[in-house]
Asks: 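Quick one: this structure, given as structure tokens, is what I'll be asking you about.
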Amino acid sequence: MCIALSFQHIYWGNITSQLVICTCIIMEKHYNHEEFETLKQEVAEIKTLLQSILSSNIPDGKNTNNKKTLKNVKLIENMHPDKHLSEKMEELCHLTENEGCTGMVTYLGVFTSGKRQSNWIKNHINTDDLLTLIENHTAQKILKCIGNQDRLNILLAILKKPMSVTELVAECHLNSTGQAYHHMKPLLAADLITEDEQNNNKGIYIIQPHRVQGIIMLLTGICDMVDETFTKGYLE
């Protein structure tokens, strides 16, 4: 009897942490029926042993996470109806524990308006680094730069579509182009807006493409602050 036996080599990917099965031929030899049955049993035992060893060492895997007891972080399971989001939350809890930090944040999104689109993914942002933005006054500078209703109106208008200064005066109910430039100056200095020179639209202003997500995520944070579902107390 001529047979070809195969082992299943198990490995995991860096992103999905899912087991992937590859097959390779390891031998070809003549066996009688009794030897063949014995060999099949031995191969099955080796396969089971390898799967047990590898599954217990999968990094950031669900099996490992469930067995580990967290000391400083409370693990909240099944937090979201979408199991993938719930598993991501559990991963962040374990990563926070492992890193010994105050927390971890993952976010992603897409924004499209005025025939322009911005997509972003940020993974495993250490909240210790976010808190330093207060300590080094970066947060203060940013909030001061945009903390004016006229400037926010300008950002909103340009987020919707590219605009000229004249259009901004009308859209934002400003008194003059001089007032528009007065509020645009700090936005330009902060690299939040710029002229659309790449499309030869001099005099037409757009949001810097790499700043769109920052503005949207800032609004997302504000939304969390005023969400009545979780808010108690008064903001004024």
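Numbers here simply count residues along the sequence, with the first being 1.
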Asks: Are the side chain of T112 and the backbone of Q117 linked by a donor-acceptor contact shorter than 3.5 Å?
Replies: no
Asks: Does one hydrophobic cluster hold both L152 and I216, with members joined at side-chain heavy-atom distances below 4.5 Å?
Replies: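 The answer is yes; both residues are in one hydrophobic cluster.
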Asks: How many angstroms lie between NZ in K160 and OG in S113, if you round to the nearest 0.5 Å?
Replies: 8.0 Å
Asks: Would E90 and L75 satisfy side chain to side chain contact (heavy atoms under 4.5 Å, CB included), going step by step from the backbone distance to the final call?
Replies: CA-CA 6 Å; E90 293 175 27; L75 182 62; 3.9 Å; yes
Asks: Does the side chain of Q208 reach to within under 4.5 Å of the side chain of L187, using non-hydrogen atoms?
Replies: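 No, side chains not in contact.
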Asks: Does I158 share a hydrophobic cluster with L218, counting links as ILVMFWY side-chain heavy atoms below 4.5 Å and allowing steps through other members?
Replies: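 Per the 4.5 Å side-chain linkage, I158 and L218 are co-clustered.
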Asks: Okay, side chain of N98, backbone of H94: is any donor-acceptor separation there less than 3.5 Å?
Replies: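 Yes, because the side chain of N98 sits within donor-acceptor range (under 3.5 Å) of the backbone of H94.
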Asks: Report the residues that fulfil side-chain contact (heavy atoms from CB on, under 4.5 Å) with P186, sequence neighbours left out, ordered by chain and then residue number.
Replies: C145, R151
Asks: Group every Ile, Leu, Val, Met, Phe, Trp and Tyr by side-chain heavy-atom contacts under 4.5 Å, then state whether L155 and Y181 land in the same group.
Replies: yes
Asks: With rounding to the nearest 0.5 Å, note down the distance linking NE2 in H210 to CG in L192.
Replies: 8.5 Å
Asks: Measuring from atom OG1 of T138 to atom CG of L133, what distance do you get when rounded to the nearest 0.5 angstrom?
Replies: 5.5 Å
Asks: Suppose clustering is done on Ile, Leu, Val, Met, Phe, Trp and Tyr with side-chain heavy atoms closer than 4.5 Å. Which residues sit in the same group as I142?
Replies: none
Asks: Tell me whether the count of non-hydrogen atoms from other residues, nucleotides or ligands lying under 6.0 Å of CD1 in I121 goes above 12.
Replies: no
Asks: Compile the donor-acceptor pairs under 3.5 Å between side chains in residues 165-174 and protein atoms, sequence neighbours left out, one pair per line.
Replies:
| residue | atom | partner | partner atom | Å |
| --- | --- | --- | --- | --- |
| E167 | OE1 | S164 | N | 2.8 |
| E167 | OE1 | S164 | OG | 3.4 |

Asks: Step by step, would you call S86 with N78 a side chain to side chain donor-acceptor pair (under 3.5 Å)?
Replies: CA-CA 5 Å; S86 292; N78 302 318; 5.1 Å; no
Asks: Whether D82 and K88 form a salt bridge (side-chain N of Lys/Arg under 4.0 Å from carboxylate O of Asp/Glu) is what I want to check.
Replies: no
Asks: Out of curiosity, I154 CD1 to I207 CD1, how far, rounded to the nearest 0.5 Å?
Replies: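 Interatomic distance, I154 CD1 to I207 CD1, rounded to 0.5 Å: 10.0 Å.
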Asks: Could you state the interatomic distance from OG1 (T194) to CD1 (I204), rounded to the nearest 0.5 Å?
Replies: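 If I round to the nearest 0.5 Å, the distance is 12.5 Å.
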Asks: Sequence neighbours excluded, which residues qualify as side chain to side chain donor-acceptor pair (under 3.5 Å) partners of E135?
Replies: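 Testing E135 for side chain to side chain donor-acceptor pair (under 3.5 Å), a comparison that skips the adjacent residues, returns none.
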Asks: Name each donor-acceptor pair under 3.5 Å that joins a side chain in residues 104-111 to protein atoms two or more places apart or in another chain, with its distance.
Replies:
| residue | atom | partner | partner atom | Å |
| --- | --- | --- | --- | --- |
| T106 | OG1 | N123 | OD1 | 2.7 |
| T106 | OG1 | H124 | N | 3.2 |

Asks: Give the minimum heavy-atom separation between V73 and L70, together with the two atoms involved.
Replies: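 For V73 versus L70, the nearest heavy atoms are O-CB, 3.2 Å.
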Asks: I need the N72 CG to T96 OG1 distance, nearest 0.5 Å.
Replies: 10.5 Å
Asks: How does the hydrophobic cluster around M89 look, that is, which other residues are in it when side-chain heavy atoms under 4.5 Å mark a link?
Replies: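 Other cluster members: I76, M79.
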Asks: Under a 4.5 Å side-chain heavy-atom rule over Ile, Leu, Val, Met, Phe, Trp and Tyr, are L95 and I125 clustered together?
Replies: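 Looking at the clustering, I125 is in a separate group from L95.
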Asks: Testing the basics here: between R116 and P162, what is the closest heavy-atom pair and its distance to 0.1 Å?
Replies: NE-CG, 3.5 Å
Asks: Can any side-chain N or O of N136 pair as donor or acceptor with the backbone N or O of T132 at less than 3.5 Å?
Replies: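 Answer holds: yes.
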Asks: Checking N153 against Q149: is there a side-chain donor and acceptor pair closer than 3.5 Å?
Replies: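 Looking only at side-chain atoms, N153 and Q149 do form a donor-acceptor pair, the distance falling under 3.5 Å.
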Asks: Grouping I, L, V, M, F, W and Y whenever their side-chain heavy atoms are under 4.5 Å apart, do L130 and I146 come out in a common cluster?
Replies: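 Linked within one cluster.
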Asks: Is the shortest heavy-atom distance from the side chain of H137 to the side chain of Q140 under 4.5 Å?
Replies: yes
Asks: Which pair of non-hydrogen atoms, one from N148 and one from H183, has the smallest distance, and what is that distance?
Replies: OD1-CE1, 3.6 Å
